[in-house]
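First listed ligand is number 1; within each ligand, the first listed atom is number 1.
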Amino acid sequence: MKEATTHIVLIEDEVQIRRFLRMTLESEGIRVIEAGNGKQGLAEISARQPDMVLLDLGLPDMDGVDVVRQLRTWSSVPILILSARSDELQKVSALDAGADDYLTKPFGVPEMMARIRVHLRRRTSTAETTSPIFNFGEVTVDFPQRRIMRSGQQVHLTPIEYKLLSVLIRNAGKVVTHSQLLREVWGPGHIEHGHYVRVYMGHLRQKLESDPARPAHIFTEAGVGYRLIKG
Ligand code: CA
């Protein structure tokens, strides 16, 4: 952590905790961008592209688990959850939603710093981020706003269609298998429901492709899965 350029977005509504964490992190040479609620936090992450996010689960405007869920549709930034909740279910749902790690308050500063170092190291070795705005063909996907435009017209996607598209975009250029799509979009209990993917992929093509019968971006990889090509 020698580079003074490490940035962390800290999403926490309690001013005292925020101030304490800011001083602690700054004394380690880390730049801290503070946010007092979930919406502001998502906006800061989209604008600043930080190296890591520290996130409190109990926020005034939205549940921290939903912050994780929204963030994971367009970013792979490491997320360390800081929460007073000792509830196992909360930890599990935050991790399932894509958080990387979890600390229960009160925690010691040395432990927090050790966890942060682990995630920053991992990040520099596997640096991979999706831009918050993704374009393909005539389609623009604005992840922070959850807005999809096609040729300047807003397109309405159902939550399932939106998730499906997010997984394809996160893996743009790569094949995504049927079971990977089922697991990420519908959850681990639906692995045998391969026809769901076919039906919903058809809906996506109807809404996003100029010629849904001959797609130019959302390709079928016979017997394997699907692949999104920017083109
Ligand atoms: Ca709180």
### Reference residue His7; test side chain to side chain contact (heavy atoms under 4.5 Å, CB included); the match among Ile45, Val32, Ile30, Asp51
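By the side chain to side chain contact (heavy atoms under 4.5 Å, CB included) criterion, His7 pairs with just one of Ile45, Val32, Ile30, Asp51: Asp51.
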### Task
Mind telling me whether Trp186 and Tyr196 have parallel, tilted or perpendicular rings, with 30° and 60° as the class edges?
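Ring orientation of Tyr196 relative to Trp186: tilted.
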### Task
Give a yes or no answer on whether the side chain of Arg150 reaches the backbone of Lys207 with a donor-acceptor pair at less than 3.5 Å.
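Checked: pair present.
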### Atom nearest to the Ca ion (ligand 1) - Asp56, N, O or S atoms considered
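The closest N, O or S atom of Asp56 to the Ca ion (ligand 1) is OD2.
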### Task
Name whichever N, O or S atom of Asp13 ends up nearest to the Ca ion (ligand 1).
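Looking at Asp13, the N, O or S atom with the least distance to the Ca ion (ligand 1) is OD1.
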### Message
Is Leu57 close enough to the Ca ion (ligand 1) that one of its N, O or S atoms comes in under 3.0 Å?
### Response
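Short answer: no, not a single N, O or S atom is under the cut-off.
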#### Entry: Check: Arg183/Thr177 side-chain N/O donor and acceptor closer than 3.5 Å
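No pair is found: no donor N or O on one side chain lies under 3.5 Å from an acceptor on the other.
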